[in-house]
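Note sheet for the following structure.
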Amino acid sequence: MQEIYNHSQIEKKCQTKWRESKVFEVKESDDKPKMYCMPMLPYPSGKLHMGHVRNYTITDVLARFYKLKGYNVLHTIGWDAFGLPAENAAMKSKVAPAAWTYQNIENMKAQLENMGLSFDWSREIATCKPDYYHWQQWLFVQLYKNGVIYRKNGIVNWDPVDQTVLANEQVIDGKGWRSGATVEKKEIPMYYFAITKYAEELLSDLDKLDGWPEQVRLMQKNWIGKSRGMEVTFAGCDGYDGLTVFTTRPDTLMGVTYVAISAEHPLADAALKLKPELADFIHECKMGGVSEAELATQEKKGAFSGLYVTHPLTNEKVPVWIANYVLMNYGTGAVMAVPSHDERDFEFATKYDLPKKVVIKPAKADDSYQPDITAYTDSGTLINSGKYDGMSFDQVFAELEKDLTTKNAGQVKINYRLRDWGISRQRYWGCPIPIIHCEHCGDVPVPEENLPVILPEDLIPDGSGNPLNKDKRFTDTSCPKCGAAARRETDTMDTFVDSSWYFLRYTCPDSHSAMLDERVNYWAPVDQYVGGIEHAILHLLYARFFYKALRDLGLVAGDEPFKNLLTQGMVLAETFYRQNPNGSKDWFSPLDVEVSKDGKGNVISAIYKADGKEVIYGGIEKMSKSKNNGIDPDEIIAKYGADTARLFVMFASPPEQTLDWSDTGIAGSNRFISKVWRMVYEHVNTGVVPRYTAGELSTEQKKLRTQLHQTIQKITNDIEVRKQFNTAIAAVMELLNAYAKTDLSDVSGRALAQETLEAVVIMLSPITPHVCDVLWSLLVPESELLNQSWPIVDAAALEVDEAEVIVQVNGKLRGKIMVAKSLSKVEIEELAKQNPNVQKFIDGQAIKKMVVVPGKLINIVV
RNA sequence: GCCGGGAUGGUGGAAUUGGUAGACGCGCCGGACUCAAAAUCCGGUGCCAGCAAUGGCGUGAGGGUUCAAGUCCCUCUCCCGGCACCA
């Protein structure tokens, strides 16, 4: 054995050994419990960044831990290979997205192999390959036939100069990222997944997900946004149509002073004919992007439509305003406005000098409430509401239900904020939608025997729309029904579709005759899913929806795909950019920028090293390709090895926490591994012995053994229950600090050293597998670490007969006493009072109260 | 704007159920070893006062509940993530 730890001599060897022995390739088996452990599917951006390192180290630690715990562990990886970045790269450097993607996969795979991860590589999938998307198209056809998929119009960002649809990310301050042109909202036909059919189940099943973080369940609940309210119809006036609104506050119905509609509402078209001067405003509303964040932060603007509708209770005329804050694809595209009891309406009414009518009296008398200055948005007692005066929310709700139903002007309604999922993308690099458009037969799904619809891999997009549109090889086909010439759909699917079921395909990636086979029933659901918190809503909600839809097709059993979820915090890094004349930005890697900071850590200046000129600091953001702030692990692995990189990211912070990247202290992780190596070396050098089972131990040896078993207990809990690896590592460090201070030179000491080192090596092995694999073979020659079991706590070693108890006076720490287990409560209290420092603070004062927390603390209140 | 989360020494973080704030690591300071350096080992290290024992202060800001608050409640500031076409 070498005296000095040298990662480069052991890591490659271990990786080769694992690969050749196929030790991580697993099959279904009934003699062990199964454990399906999986990180989120990565996008093959070209290079691994520290967020990936964190993600895969977490799943690897868990996978290796459960393997040692005796589970049949499946740990998988693949590629979310379709998507926008490949098209952007194609426009930039004229490489086909397919070639770029495959090259990236190759690069990243090599990087992953250097990390020593326990993936079953035989199950690797790439979503851009026909044998994967074949089954996605097959599923699309099934869902289409079942009415879970339908076609309707949706609104997209349209770049009038590049004549192309833009992603929200590509709209910057309302302008196209390449052309700089003001983006317009455009209505086009799209396919939708009817996720709202599952809204209620997606909401109620959140209760079953007790292995999920509470914050994720809460975010999903709010996203689904179930609310109970009323649909209220305002009849038309002067021969025009009326409109329907949804409100969760029907108690404020008598306070309505106007209604607001979206610029896309049918009444807006009618108003335009009546008042042509509205054209400018309606046009203005149609400018800018479609993202909710943009719409919600823009200045609220409106214009009177010239039309009125009739209030269903008072029969008074209510003016209709067109407002830019009302969304057509949201509810009914119209809202009733109650300025006195809604902040947004209050702001709007103040701006346009519209009347306000107070109809709710605050429940508690509140002198500070001034109706002219603020809206009162809580519920209370009704006033100025005619026959409803004096009623509470619940009373008026019930009363209105009767009255509006009688008048045929409204009904109680459960509303969801969740909208159906539009999946059509006017883009080339994605899974083709398997539909053929026939003049005679309409939209015809591609027959199963003709699937997959193969996406040609040789096209290069140029930024002016989807190149599939111009590719006759692709578009020209015949109708499967009538045989007439027909055109193939050229829209491709949202890449979230690809990532909504990949975890099921891992269970049977070689199934050529079906999407899924019986193996899925062995492995599904995923027992432990690990991925970034940024996926808390969209990806996880879509995957949950897919699982339920697949269940209803009889393809999977159970209701939920992910039993336990760990959402890792993002790894953030500083961003730096320069603005181009057209408004676009060039991003610089933090590695290429020299930063100076003030005493508080604020950036004073940042210089691009290559040209010595200033760059702009863009704040700390998640590592991503688009902001060029990804830090690649290669350098760290080359210098310190994969074990150090893994240990460092696990030790840096608990996994759920956001991590501002800094490699300060990485040498310390390497130093720790060297220290473990040296300890094992020193022990093994004097000969390995059987591990301690029984025999006389000195007092300090006994203490060490107690600490050893406390550590085993703590680490097991930290990994299995708390999923907090930094404290597990700290506990091993503490144990080894104590080990180094204990005299273990006698026979039982040597046996205890053996016991301790064996346990330490096994417990560290999920985190630093290479070095532990080697150390184990030295500690216990002729055996394999991967065949060992996780150490078991010896309850007898945990027995201690004395405990330290804190003594406080009035909540302030004044002394510590050692208390034997045998002492009674009264004896302990007496002991506490006798402590000389405690005496100083209670001397001459009457003791009002004594609070005793057994084995921990005594608080004397004087 | 809306939803979710975060803020603790010079620094990453610990404190698991309301019970010793700062574990463990980094950095820094001092020492040992060395011709010297690196590596390694030993000791110290929240701030203020004190030779020390010890005391006072201290978990983004302000208020509150409690014998006891980093932890619970209210108000606020700043930062991060998501907002349906980045993935």
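To find a chain, count down the sequence lines: A is the first, B the second, and so on, and within it residues start at 1.
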Inset, instruction - For B/U17 versus B/G31, give the span between their P atoms, rounded off to a whole number of Å. - result: 45 Å
Inset, instruction - Take atom P in B/G13 and the same atom in B/C26, then report the distance between them in whole Å. - result: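 It works out to 16 Å between them.
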Legend entry - Side-chain N,O (A/Arg671) to OP1/OP2 (B/U40) below 4.0 Å: yes
Inset, instruction - Give a yes/no on whether any side-chain N or O of A/Asn726 is located under 4.0 angstrom from OP1 or OP2 of B/A14. - result: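 It does, given that an N or O in the side chain of A/Asn726 lies less than 4.0 Å from OP1 or OP2 of B/A14.
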Legend entry - Quiz item: A/Lys714 side-chain donor-acceptor pair to B/U16 base, under 3.5 Å: yes
Inset, instruction - Would you state whether a donor and an acceptor, one from the side chain of A/Asn222 and one from the base of B/C3, lie under 3.5 Å apart? - result: no
Inset, instruction - Among A/Gln657, A/Gln568, A/Gln215, find the one that has a side-chain contact (heavy atoms from CB on, under 4.5 Å) with A/Ile533. - result: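 Of the listed residues A/Gln657, A/Gln568, A/Gln215, the side-chain contact (heavy atoms from CB on, under 4.5 Å) partner of A/Ile533 is A/Gln215.
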Side chains of [X] and [Y] only: does a donor on one sit below 3.5 Å from an acceptor on the other?
X        : Y        : value
A/Thr567 : A/Glu656 : yes
A/Asp494 : A/Trp421 : yes
A/Thr644 : A/Asn670 : yes

If [N] has a Watson-Crick or G-U wobble mate with both distances under 3.5 Å, name it; if not, just say none.
N     : answer
B/C41 : B/G31
B/G4  : B/C80
B/G46 : B/C57
B/C72 : B/G64

Inset, instruction - Based on the glycosidic angle (syn within 90° of 0, else anti), state the conformation of B/G44. - result: anti
Inset, instruction - Using heavy atoms to find the nearest nucleotide of RNA chain B for A/Pro654 and A/Gly811 separately, return the residue whose nucleotide is more 5′. - result: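 The answer here is A/Pro654.
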